[in-house]
Amino acid sequence: MSDLQQRVFDYLAAHQQSALDRLFAYLRMPSISAHGTGMQQVADFLVAELQRMGMQAQLIASAGWPFVYARRDDQPGAPTVLLYGHYDVQPADPLELWQSPPFEPTIRDGKIYARGAGDNKGQHFAQLLALEALLAVNGSLPCNVIVLLEGEEEVGSPHIAEFVAQHRELLNADLVVTADGPQHESGRPALMFGVRGVASFELRARGASRDLHSGNFGGVAPNPIWTLVHLLATMRSPDGRITIDGFNEPVLPPTPAVAAALAALPLDLEAQLAAIGLTPQTLDAPADRDYYARLSSYPTFTINGLHGGYGGPGSKTVLPAEAVVKCDMRLVPDQTVEQVLAAVEAHVQRHAPQVEFIPLGGMDPSQTPLESRFTEPLRAALAAGQRREPLLVPAMGGSLPEYIWTKVLGVPAFVTPYANHDEANHAPNENIEVELFLAGIRSGVAMMIELGRLRAAG
Ligand SMILES: [Zn+2]
C-alpha cells in the first residue's frame with residue numbers, strides 16, 4: 001500500500017463519525033424526482049458540499065432537473081475519471097412498511113436505514129468523501145476528477161443522452177465509474193464491465209368489430225388471439241432460438257476473456273434455482289448454456305403478457321375482437337434498439353401484416369473490454385478498499401444507460417456496487433451497511449491513487 005493511501009485510510013479511520021453525520025444530513029433531505037420534491041434544494045446542497053471540499057462545482061441546467069457538475073484537474077498527463085451518480089431517490093411509499101421514517105436515517109444492526117441510503121446517495125457520497133479525504137490529507141487529487149450527479153435517474157434519465165452530447169467538452173474524461181447497485185450475494189465486491197440493453201414493443205391483433213358469440217360466429221370471424229399465438233411461434237422456436245430474421249446477426253460469441261470471467265463467478269446453481277422454484281432440469285431452453293452466460297452473453301425474447309378475451313372464473317364462450325401481447329428483449333453487444341425493433345417490425349410485416357407493431361423504445365447495451373488498461377487499477381483499488389478480491393463481471397443481466405458513456409461519450413465505463421446485496425433499493429427499509437459505506441470511501445480513495453499511477457504509461 002502506498003504511503004499516501006495509508007495516510008488517507010488513517011485519516012478516514014479517525015473521521016468515521018463525521019462521515020456518517022455528513023451522509024445523514026444528506027439522507028434527511030428528500031429528493032424525489034417522480035414528485036419533484038426537494039430537488040433544487042438537494043442540488044444546491046451538493047454544490048455547496050463539493051465547493052467546501054475544494055472542488056470547482058456548479059449546477060448545469062438541463063431540460064429537466066439540473067446536473068451537479070464538479071471537477072479538479074490537479075494532474076496534467078494523468079487520467080481523468082468521471083464519477084457518475086444520481087441525487088434523486090424513489091418515492092418512499094408505502095410509508096407504513098418502514099420500521100423508521102424514510103428521511104430520518106437510523107442505524108440498526110450495523111445498517112443505515114433511509115430512502116437513498118443505497119440507491120444512490122450513500123454510494124456516490126462515499127466517492128465524494130474519498131475526494132474530500134484526499135484533499136484534506138494531500139492538498140491535491142492524485143488523478144483528474146469530474147463529478148456528474150443526475151437528478152432524473154429514478155424517472156428513466158430522460159435528458160442525460162442529450163446533456164452528454166451537448167456538453168462533451170465538459171465531460172472530457174478517460175473513463176467513467178459508477179458506484180451503484182447491490183454487491184454479489186456472495187458478499188464479494190464486483191467490478192462490472194457492461195450491461196444488456198433492452199427493447200420493448202407491443203403487438204395488437206384485431207378481428208371483428210366487437211366481441212362475438214363463439215357459436216353464432218365461430219368459424220366465421222377470425223380469432224386475434226390465435227393470430228398472435230401463430231405469429232409468436234414464428235419468432236422463437238421450442239428449443240429456445242430466436243427466429244426473427246436479422247435479429248441474431250450482430251450477436252457474437254463471448255470472447256475468451258469474457259468466457260473465462262463468467263466461468264470464474266461463484267455459483268451454487270441448485271440453491272440459486274431452488275430460490276425461484278426451479279431445478280437444473282427446468283431451466284429455459286436452450287439447455288447447453290452456462291448460468292452467467294445466459295444472463296449476460298445472449299439476448300432474450302420475453303413475452304411479458306398476452307391479453308384478450310375472457311380469463312375469469314368458469315367459462316365464457318366468447319370470440320374476442322382484439323388481442324395484445326407485450327414483449328421485451330434483452331440485447332447484447334453489438335445489437336442496438338433500432339436494429340432489433342426494425343427486425344421485429346419486418347418480421348411481423350412478413351408473417352402477419354394485419355398485426356399492428358407498436359415500438360416502445362429501449363436502451364442500447366454497453367460493453368467495456370475486460371482488457372481495458374483501467375481494469376487492473378480498479379481491481380486493485382477495490383481489493384484495497386473493500387478488503388476482499390472483487391469479482392470481474394463482464395455484464396449484468398439488467399439494463400442501465402451505460403451506452404451514454406461507451407457510445408455517446410466513447411470511453412470505457414465501469415460499475416462498482418458499494419451497497420450490500422439486500423439493500424432493498426426502491427423498497428421500504430432501504431439500507432446500506434455502515435461497514436460497506438466506509439469501505440466505499442476507502443475504495444474511492446484507492447481508485448484515485450491507482451488511476452493516478454497510470455500517468456507514466458500515458
Ligand atoms: Zn434506483
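All of these numbers come straight from a predicted model, not from anything done at the bench. Indexing begins at 1, ligand by ligand and atom by atom, following the structure's order.
Not a single N/O/S atom of His86, whether from backbone or side chain, sits less than 2.8 Å from the Zn ion (ligand 1). Look at Asp180 and the Zn ion (ligand 1): no N/O/S atom of the residue is under 2.8 Å from the metal. Within the coordination shell of the Zn ion (ligand 1), defined by N, O or S atoms under 2.8 Å, Asp119 is present.
Residue-level check: among N/O/S atoms of Glu154, OE2 sits closest to the Zn ion (ligand 1).
In this structure, Arg115 fails the cation-pi test against Phe103, since its NZ or CZ atom is not both closer than 6.0 Å to the six-membered ring centre and inside 45 degrees of the ring normal. Note that Arg289 lies in the cation-pi zone of Tyr298, set by a 6.0 Å cut-off to the ring centre and a 45° limit from the axis.
Ser62 contributes atom OG, which lies 5.0 Å from atom CD of Glu152 (distance to the nearest 0.5 angstrom).
Between Phe67 and Phe163, the angle of the ring planes stays under 30°, which puts this pair in the parallel group of the 30/60° scheme.
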